[in-house]
Every structure is written in structure tokens, then in C-alpha cells.
Amino acid sequence: MNLWDPKTIHQIMAMFGLRFHKEFGQNFLTDAMVIEDIADACAEAEACTVLEVGPGIGVLTRALAERYRTVKALEIDRNLIPVLKYTLGEFDNVTVYNEDVMQADLQALLAEDFQKGPVSVCANLPYYITSPILMKLLESRLPFESITVMVQEEVADRICAPAGGKAYGAITASVNYYGHAEKLFRVPADRFVPAPKVNSAVIRITLWKEKPCSPKSEEMLFRTIKAAFGQRRKTLANALSSGFPALTSEQIRQAVAQVSEDPLIRGERLDIAAFTQLSDILLEMLGVN
């Protein structure tokens, strides 16, 4: 069943009386090689579980099911559940759940799978909710091996940007706390039905077995990152002054001086290790007040 064939996609949609829903970010892949490459990149071991977010009509799901022991797919659109039963009927290692990943209890869903072996995530994420879904997965504290996702290319560049680059931002630093992000390849807009207005890219986040940075307070770390990028045109010191009004300008300057010799440094030049150090300093200063 060539689910990547545009004719097949339209036939299946017509068969079930369905239409594409923009609100769910439904853009189905029509490039067999891209599908194979994503599935190959998802995990190293065949004896693993793959959590797929947004299987659509099952084009990527089939490739995953052919490679890995178990596939659990979360599909928010209930109208696609009958379609998935039809397109995935031959696979006994796939279970589809009509759930929103943002509301799903992932720990309960995957508890047995984590006991059996490694678990990875694979998804073609809707552009409008990419960051919330990624952070939901990362903040779940579940021991995923990796998260391989297709996102808008601009977002991929931000997530994978090096410290000091123009694309580096709050999402970059936040993701770096949980794992190493790398851009694997781009996917042109014309490889989808319907075609989006922008190109996409596939990225993989390999989660740290042990985090290289250990802040005294994760809450303070993310508050510091958020403040640093809240006003990108400002220096780090000025941005932090807005984010931490309880501290004086002099205290902020002293904090910045401990992580950089440049008093005019901006937030995009700090890597996650520097942000961790800075957040610990700010935490101690706030504790004094």
C-alpha cells in the first residue's frame, strides 16, 4: 500500500469522506525516500518501542512498524482512526490511540515499554504547536532514547543553532539542557499533500544519559533563559534587569561579570553551561534579599 502516493492519499480521503484539517497541521508526506530516512533515523535498535505523534493516515507508521518491535501512535483527529485501522490492519505491533499528546499520560502509556527496552519518539509535528509538544516530551522526565521530528525548517535551525548564532534562542538553550539536537536533512514543501507554504527539516534530539549541567534550581534556570531572550535587542544585563526586578542593576552586573568578561554580552552568546552558572548566581542573590 503506497500511502505516499498522492493519488492513494486522495483516494483514501475520499473513501472515508474526509478532508485535510489545517487546525491539526495535516500535511501528508509524498516522498518514499524521505519516509524511509526518517524511519531509519528514529532509533538504533530494532527491539525498541517508538511513540509516534500524529500518524495521519499511517504513511510513516507503516515504515516504523516494519523496523521496530512496537509502535504506539497518538492521533488527535478521531476521523482518522477508521483510516488507520484500514491502512495499518496488517501490522500486529501497532496500537493507535485517539489522544492529544498534550493531554496524554505518557508515563502510564509507556510504562511497560520502558521495562522492555529503549523507547524513542518520532513525529511530523504541526508547525503551530511544535515547541509546546517538544517541551512536553522533554519535561515529561521519561527516559526516551531520542526524539526525531519533522518541523518547519526555520524552527529546526533555531533548535539546532550553536551558541552565538543569530538563530540561537530560548528554545535552543532549553532543548540543550535535555539533549543534543542535530539537523539531519531538509524536506521541500512540494513533498507534501497539501503542500505547506514553507520547507521542513528533520531533526533528532538525543537525550543525555546524564545531564552535563546540574542547576541548583531548574525553575530558576528556565526563568533565567526566558529573561535573557525576553528582549533580544537588549544586553544580557538589561534583559535580566527586566526579568528579575527584585535585584538591583549592580547585582545584575555582578552576576553577568561572573560568566563573561564582556559587560555588553547578549543572551545568545551563552551556552547551557553558562546559563546554568548564571542561574545559580541569581538564585543565591535572590536568597539573600
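Numbers here are sequence positions counted from 1.
Considering every non-hydrogen atom in both Tyr68 and Ala45, the closest pair reads CD2-O, 3.5 Å. Here the closest heavy-atom approach between residue Ile281 and residue Ala255 is recorded as CG2-CB, 3.8 Å. The two residues Thr276 and Ser214 come nearest to each other via the heavy atoms CG2-C, 4.1 Å. Of all the heavy atoms in Thr224 and Ser279, the pair that sits closest is OG1-CB, 3.4 Å. Here the shortest heavy-atom pairing between Leu270 and Phe275 reads O-CE1, 3.4 Å. Residues Phe28 and Ile9 come closest through the heavy atom pair CD1-CG2, 3.9 Å.
Within a 6.0 Å sphere centred on NZ of Lys183, other residues, nucleotides and ligands contribute more than 12 heavy atoms. For Arg141, the CZ atom is densely surrounded, since the number of other residues' heavy atoms within 6.0 Å is greater than 12. Heavy-atom neighbours of Lys211 NZ from other residues, nucleotides or ligands within 6.0 Å: above the threshold of 12. In this structure, Glu218 places its CD atom where more than 12 heavy-atom neighbours from other residues, nucleotides or ligands lie under 6.0 Å away. Around OH of Tyr86, the count of heavy atoms belonging to other residues, nucleotides or ligands within 6.0 Å does not exceed 12. Shown here is Glu90, whose CD atom has more than 12 heavy atoms of other residues, nucleotides or ligands within 6.0 Å.
Side chain of Asp31 to main chain of Val34: a donor-acceptor pair is present (N/O by atom type, distance under 3.5 Å, no hydrogens or angles). The main-chain N or O of Val256 is never found under 3.5 Å from a side-chain atom of Ser260 such that the two would form a donor-acceptor pair. The backbone N or O of Asp77 sits less than 3.5 Å from a side-chain atom of Glu75, completing a donor-acceptor pair. Judged by distance alone, the side chain of Gln277 and the main-chain N or O of Gln258 form a donor-acceptor pair under 3.5 Å. Looking only at distances, no side-chain donor or acceptor of Asn27 sits under 3.5 Å from a matching main-chain atom of Val193. A donor-acceptor distance shorter than 3.5 angstrom exists from the side chain of Arg62 to the backbone of Thr87, with no hydrogens or angles considered.
The OG1 atom of Thr148 sits 11.5 Å away from atom CE of Met150, with the distance rounded to the nearest 0.5 Å. Separating the CD atom in Gln107 from the CZ atom in Phe114 is a distance of 8.5 Å, to the nearest 0.5 Å. To the nearest 0.5 angstrom, Asp40 atom CG is 8.5 Å from Met33 atom CE. Leu137 CG to Ile205 CD1: the interatomic distance, rounded to the nearest 0.5 Å, is 8.5 Å. Summarising the geometry, atom CD1 belonging to Ile159 is positioned 11.0 Å from atom CD belonging to Glu154; distances are rounded to the nearest 0.5 Å. Rounding to the nearest 0.5 Å places NZ of Lys136 at 4.5 Å from CG of Leu106.
Using a 4.5 Å heavy-atom cutoff, the side chains of Glu268 and Thr172 are not in contact. Looking at Glu153 and Val198, their side chains never come closer than 4.5 Å, going by heavy atoms from C-beta outward. Within the 4.5 Å cutoff, side-chain heavy atoms of Leu125 are placed close to those of Leu134. Under the 4.5 Å side-chain criterion, counting only non-hydrogen atoms from C-beta, Lys234 is in contact with Ser242. The side-chain heavy atoms of Phe185 and Ile38, taken from C-beta on, include a pair separated by under 4.5 Å. Taking 4.5 Å as the limit, every side-chain heavy atom of Arg69 sits out of range of all side-chain heavy atoms of Asn93. Inter-residue side-chain proximity for Phe192 and Thr30 is flagged as unmet; no heavy-atom pair is nearer than 4.5 Å. Counting heavy atoms from C-beta outward, Val155 and Ile203 have side chains that stay 4.5 Å or more apart.
Trp208 and Ile147 fall into different hydrophobic clusters, where Ile, Leu, Val, Met, Phe, Trp and Tyr residues are linked whenever their side-chain heavy atoms come under 4.5 Å apart, directly or through other members.
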- Query: Going through the checks in order, is the side chain to side chain contact (heavy atoms under 4.5 Å, CB included) test met by Leu88 and Thr61?
  - Reply: CA-CA 8 Å; Leu88 303 174; Thr61 319; 3.7 Å; yes
- Task: Step by step, work out the side chain to side chain contact (heavy atoms under 4.5 Å, CB included) result for Glu36 and Trp4.
- Result: CA-CA 11 Å; Glu36 298 290 316; Trp4 48 265; over 6 Å; no
- Message: Set out, in order, the CA-CA distance, both residues' side-chain angles and the distance that settles side chain to side chain contact (heavy atoms under 4.5 Å, CB included) for Val187 and Leu29, then state yes or no.
- Response: CA-CA 10 Å; Val187 184; Leu29 270 168; 4.2 Å; yes
- Item | Check against side chain to side chain contact (heavy atoms under 4.5 Å, CB included), Val149 and Val53 | CA-CA 9 Å; Val149 293; Val53 179; over 6 Å; no
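A side-chain donor-acceptor contact under 3.5 Å links Gln254 and Glu250. Side chains of Thr130 and Gln152: no donor on one and acceptor on the other come within 3.5 Å.
Remark: Lys72 does not engage Glu112 in a salt bridge, criterion side-chain N to carboxylate O under 4.0 Å. Looking at Glu145 and Lys209, a side-chain N of the basic residue comes within less than 4.0 Å of a carboxylate O on the acidic one, giving a salt bridge.
Results of the side chain to side chain contact (heavy atoms under 4.5 Å, CB included) test with Arg204 over Cys122, Cys42, Ser146 single out Ser146 as the only residue that passes.
The aromatic rings of Tyr177 and Phe222 lie perpendicular to each other, with more than 60° between the two planes, well past the 30° mark.
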